[in-house]
Amino acid sequence: MKHVKAAAGQLSSEAAPSPPASSEVARWVMFGLDAGRYALPLEVVERIVRAVHITPLPLAPPVVLGAIDVAGQVLPVFNLRRKFRLPERTIDPADQFLIARAAHRTVVLVIDVAYGVLEGPKAAMIDAAHIAPTLGQVRGVIPLEDGLVLVHDLEVFLSPEEARALDEAMSQDSPHAD
């Protein structure tokens, strides 16, 4: 398993070197919340930026902190701490926002720190179904020498009800929303 460190804002599928010809190599963007390490597939991550002011969306589901404007696009900001049942805390200016694409929307995730890109064989990730079929938004687990990294699936991050509530909140709050 190879860990490639990248500076904030430099993680994108366009900026990343092309994978070797083998389809067996996978890349994940690894990030931290408290002591936990999490990851998303590199191909869904657009970039990582410094935290900015979030405009609240009153009708959004509890997991949504609000929205921010990124280059003219209004994007929802998700509170991963709420979703992962971690202790709440105020967003610090040193925190980072990870901007990623899900099938139906681009989203912003509040993270404590971006560790960079983790590269290794696709087989390094243990499918969540082999661990426990009820892990929900966890796609798999990557065991490292110093602990586990949970790989998340943005496609199932919101329940259908939360997705509908978010769509309504975004359409009522901003004429620029998707």
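Side chains are part of it too, since the values below use all heavy atoms of this structure and drop only hydrogens, waters and symmetry mates.
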Practice task
Just jot down the salt bridge (charged side-chain N to carboxylate O under 4.0 Å, His left out) partners of Asp146, sequence neighbours excluded, or say none.
Solution key: Arg37
Completion exercise
Sorted by chain and number, sequence neighbours left out, salt bridge (charged side-chain N to carboxylate O under 4.0 Å, His left out) with Glu88 holds for Arg82
Practice task
Please answer whether the main-chain N or O of Leu75 pairs with a side-chain N or O of Arg105 as donor and acceptor at a distance below 3.5 Å.
Solution key: no
Exercise for the section: Not counting sequence neighbours, which residues clear side chain to side chain donor-acceptor pair (under 3.5 Å) with Asp69? List them please. Expected result: none
Exercise for the section: Using the test side chain to side chain donor-acceptor pair (under 3.5 Å), find all partners of Arg81 that sit at least two apart in sequence or belong to another chain. Expected result: Asp34, Asp112
Problem - Under the side chain to side chain contact (heavy atoms under 4.5 Å, CB included) test, residues paired with Val52 that sit two or more places apart - result: Ile68, Phe97
Handout entry: Ile99 side, atom CD1; Arg101 side, atom CZ - distance, nearest 0.5 Å
Key = 11.0 Å
Handout entry: Trace of the side chain to side chain contact (heavy atoms under 4.5 Å, CB included) decision for Val149 with Trp28
Key = CA-CA 10 Å; Val149 177; Trp28 301 274; over 6 Å; no
Exercise for the section: Anything under 30° is parallel, anything over 60° is perpendicular, the rest tilted; go ahead and classify Tyr38 against His152. Expected result: tilted
Which pair of heavy atoms, one from [X] and one from [Y], lies closest together, and at what distance?
| X | Y | result |
| --- | --- | --- |
| Ala169 | Leu57 | O-CD2, 4.2 Å |
| Ala114 | Gln96 | N-OE1, 2.8 Å |
| Ala67 | Ile54 | N-CG2, 3.6 Å |

Handout entry: Stepwise salt bridge (charged side-chain N to carboxylate O under 4.0 Å, His left out) check, Glu24 with Lys122
Key = CA-CA 5 Å; Glu24 297 300 316; Lys122 282 186 178 183; over 6 Å; no
Exercise for the section: For the residue pair Phe31 and Leu80, establish whether any side-chain heavy-atom pair is separated by less than 4.5 Å. Expected result: yes
Problem - Pairs satisfying ring pair (Phe, Tyr, Trp, His ring centres under 6.0 Å), at least one member in residues 49-77, at least two apart - result: none
